[in-house]
Structures are given as C-alpha cells and as structure tokens.
Amino acid sequence: MAEIRVKDGEPIEGVIKRMKKIVEKAGILGEVRKREHYEKPSVKKKKKMMAARKRAVKKSRTRF
C-alpha cells in the first residue's frame, strides 16, 4: 500500500508529484486497469500469445 506523508508547509503540487511517482512505481494504476473488466481466461491467453508473437517479430527484425 502506498503511503504519502505531507510535511508542514509543503506545497500541494509537490505532494501530488510525489504521490504520482509512488503510485507509478508500485504499479497500482496498471493493476486497476487490468481489474476494471472481467477477462475470460481464453482471452487472456490469446492476448499473451499475441504479445509474445509481436515481441518475437520485433526481436527478429532488429537482429541482422
């Protein structure tokens, strides 16, 4: 769980900037997006396979 402590006299912009960095580092937004809608296991598997295929094609193109 991400926790942000606000110091006395600290500007709110600085706190928000720090919070964004902590949330991004913890991967909270990605997790929320992933859980936003239910995805069938077969769809997850298909997406994973497509991503692997895309990585393989990209990797083979860069190797000459």
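Each residue takes its place number in the sequence, starting with 1.
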Where Val6 and Arg18 come nearest, the two heavy atoms and their spacing = CA-NH2, 4.4 Å
Separation of Lys54 NZ from Met50 CE (nearest 0.5 Å) | 9.0 Å
Path from Val23 to Val15 over hydrophobic side-chain contacts below 4.5 Å = yes
Compare all side-chain heavy atoms of Glu36 with those of Val32 and state whether any distance is below 4.5 angstrom.
-> no
Heavy-atom count around Glu24 CD within 6.0 Å, excluding the residue itself: above 12?
-> no
Can you get from Ile22 to Ile16 by hopping between Ile, Leu, Val, Met, Phe, Trp and Tyr side chains that sit under 4.5 Å apart?
-> no
Can you tell me how far NZ of Lys20 sits from CD1 of Ile4, rounded to the nearest 0.5 angstrom?
-> 12.5 Å
What heavy-atom pair brings Glu10 and Arg5 nearest, and what distance separates the two atoms?
-> OE1-O, 4.2 Å
Rounded to the nearest 0.5 Å, how far does NZ of Lys46 lie from CD of Glu39?
-> 11.5 Å
